[in-house]
Structure formats: C-alpha cells, structure tokens
Participant: 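What follows is a structure written as structure tokens; I'll ask about it next.
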Amino acid sequence: HLRSGRRKMAEQQKKKLEVVQTLDSDESCQTFVLHEEDHTLGNALRYMIMKNPDVDFCGYSVPHPSEHKINLRIQSRGPPAADILRRGLTELNALCEHVLNTFEGAVEEYKMNQATESAEPMETG
C-alpha cells in the first residue's frame with residue numbers, strides 16, 4: 001500500500017496542468033490550475049489570451065503565497081477554453097523565442113563592435 005501511495009504522489013507531482021471540472025459542461029468557460037507556476041507566467045499568459053478576439057474574460061489568481069500554483073479562468077465567445085489556452089501558450093512561446101533571438105543577436109552585434117573597436121589603432125591628436 002505504501003508503494004501505491006508513493007506512485008500516486010509521484011503522478012500528482014508530475015501534473016503541470018489540471019482542468020477544474022464543473023457541473024456545467026460548457027467548454028467555452030473553464031478554470032485551469034497550472035502547478036509550479038506564479039505571476040511570471042500568469043500575467044504574461046493572461047495578456048496573450050486577452051489579445052484573442054474570441055475571449056470575453058481571462059484572469060488568474062495565486063490562491064496563497066505558499067502554494068506554487070495559479071488558477072487561470074478563461075471565458076470565450078464560443079471556442080473551447082482549452083483551445084484558447086493552447087493558442088495563448090503557443091503565441092507566448094513564439095514571443096519568448098523572438099525576444100531571445102533578438103537579444104542574442106544584439107549581444108553578438110555588441111561583441112563584434114567591441115572586437116572591431118579594440119582592433120582599430122587609436123588616433124593620437
């Protein structure tokens with residue numbers, strides 16, 4: 001029994017995303033729990049989801065500072081909330097990739113400029 005209890009705990013720990021089941025079967029209005037996340041993802045994801053014209057409402061909360069999870073609520077004008085979440089995550093990932101690539105490109109450009117400047121002889125007046 002102890003082994004099965006440990007296995008269940010391990011399975012629960014692996015879950016990053018949980019859908020809160022309600023009596024209402026309306027898929028356009030759902031709450032998701034994202035484990036091991038905080039305001040960093042919550043605010044960025046809420047922003048990306050709210051840009052979607054099919055979304056009526058998107059908000060998140062951190063239930064308690066000692067709990068490392070956020071509750072994300074999505075209400076759409078028809079499409080399933082899970083699809084809206086998936087699109088928001090995809091768009092946020094693409095945005096992060098763009099920012100990372102832009103940053104890395106700027107760092108490389110800076111390093112090249114620094115190398116060029118140090119290689120040029122200094123003019124004496």
Side-chain angles (χ1 to χ4, degrees):
H1 294 327
L2 185 59
R3 240 183 238 171
S4 66
R6 285 184 185 161
R7 191 176 322 120
K8 285 181 183 176
M9 274 184 55
E11 288 172 6
Q12 288 174 345
Q13 289 174 352
K14 289 179 187 175
K15 273 192 208 174
K16 284 288 273 181
L17 176 66
E18 179 183 339
V19 180
V20 177
Q21 298 297 326
T22 60
L23 297 175
D24 186 9
S25 63
D26 184 8
E27 290 186 352
S28 68
C29 186
Q30 286 187 312
T31 300
F32 304 91
V33 179
L34 288 91
H35 296 277
E36 301 303 320
E37 296 297 345
D38 58 17
H39 292 287
T40 304
L41 178 66
N43 194 39
L45 187 55
R46 182 202 59 80
Y47 173 79
M48 294 304 288
I49 290 173
M50 282 303 298
K51 289 175 57 172
N52 185 332
D54 289 330
V55 174
D56 280 330
F57 173 82
C58 181
Y60 79 95
S61 65
V62 176
H64 190 274
S66 67
E67 292 183 88
H68 299 288
K69 66 181 183 179
I70 60 173
N71 296 326
L72 181 74
R73 177 79 174 168
I74 299 173
Q75 295 176 4
S76 77
R77 294 189 173 106
D83 292 350
I84 301 283
L85 175 61
R86 188 174 294 110
R87 177 178 168 182
L89 288 166
T90 301
E91 290 174 355
L92 181 58
N93 188 53
L95 178 65
C96 290
E97 287 291 326
H98 173 72
V99 169
L100 180 62
N101 291 337
T102 302
F103 175 76
E104 288 174 344
V107 168
E108 285 303 313
E109 183 178 334
Y110 175 79
K111 287 179 179 178
M112 286 175 41
N113 288 341
Q114 292 299 311
T116 303
E117 288 175 12
S118 65
E120 293 176 0
M122 294 183 71
E123 293 181 26
T124 55

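Treat the numbers as computed from the prediction; the structure is a model and nothing was measured.
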Participant: Please examine the side chains of Leu100 and Cys96, heavy atoms only from C-beta on, and report whether any two atoms are closer than 4.5 Å.
Facilitator: no

Participant: Which ILVMFWY residues are connected to Val20, directly or by a chain of links, through side-chain heavy atoms under 4.5 Å apart?
Facilitator: Val33

Participant: Honestly curious: do Leu41 and Val19 fall in one hydrophobic cluster under the side-chain, below-4.5 Å linking rule?
Facilitator: yes

Participant: Please report the closest heavy-atom contact between Asp56 and Ser76, naming both atoms and the distance.
Facilitator: OD2-O, 3.9 Å

Participant: Heavy atoms, side chains only, cut-off 4.5 Å: are Glu108 and Lys111 in contact?
Facilitator: yes

Participant: Of all the heavy-atom pairs spanning Lys16 and Glu37, show the shortest one and how long it is.
Facilitator: NZ-OE2, 3.2 Å

Participant: Is there a path from Met50 to Tyr47 through hydrophobic residues (I, L, V, M, F, W, Y) whose side chains come within less than 4.5 Å of each other?
Facilitator: yes

Participant: Is Asp83 close to Arg86 at the side-chain level, that is, under 4.5 Å between some pair of heavy atoms?
Facilitator: yes

Participant: Report yes or no: does Ser61 contribute a side-chain atom to a donor-acceptor pair with the main-chain N or O of Pro63 at less than 3.5 Å?
Facilitator: no

Participant: Kindly compute the distance separating CG (Asp38) from CG (Asn43), expressed to the nearest 0.5 Å.
Facilitator: 10.5 Å

Participant: Please say yes or no: joined through hydrophobic side-chain contacts below 4.5 Å, possibly via intermediate residues, are Phe57 and Ile70 part of one cluster?
Facilitator: no

Participant: Roughly how far, to the nearest 0.5 Å, is the CG atom of Asn52 from the CD1 atom of Ile84?
Facilitator: 4.5 Å

Participant: Give me the atom names and distance for the closest heavy-atom approach of Gly78 to Ser28.
Facilitator: O-CB, 3.8 Å

Participant: To the nearest 0.5 Å, what is the distance between CD1 on Ile49 and CZ on Arg73?
Facilitator: 12.5 Å

Participant: Of all the heavy-atom pairs spanning Leu34 and Leu17, show the shortest one and how long it is.
Facilitator: CG-CD1, 4.0 Å

Participant: Return the set of residues passing side chain to side chain contact (heavy atoms under 4.5 Å, CB included) with Ala94 (not counting sequence neighbours), or none when no residue passes.
Facilitator: none

Participant: So, for Ala81 and Cys29, which heavy atoms are closest and what is the spacing to 0.1 Å?
Facilitator: CB-N, 4.4 Å

Participant: With a cut-off of 6.0 Å (strictly less than), are more than 12 heavy atoms of other residues, nucleotides or ligands near CD of Glu67?
Facilitator: yes

Participant: Are the side chains of Arg87 and Met48 in contact, using a 4.5 Å heavy-atom criterion?
Facilitator: no

Participant: Considering non-hydrogen atoms only, spot the tightest contact between Gly88 and Leu45 and give its length.
Facilitator: C-CD1, 3.7 Å

Participant: How far does NE2 of His35 sit from CD of Glu18, to the nearest 0.5 angstrom?
Facilitator: 4.0 Å

Participant: Is it the case that the side chain of Asn93 and the backbone of Leu89 share a donor-acceptor pair, with hydrogens and angles ignored and the cut-off at 3.5 Å?
Facilitator: no

Participant: For Glu109, I'd like to know if atom CD has over 12 heavy atoms of other residues, nucleotides or ligands within 6.0 Å.
Facilitator: no

Participant: Can you list, by chain and residue number, the hydrophobic cluster partners of Phe103 when the side-chain cut-off is 4.5 Å?
Facilitator: Val107

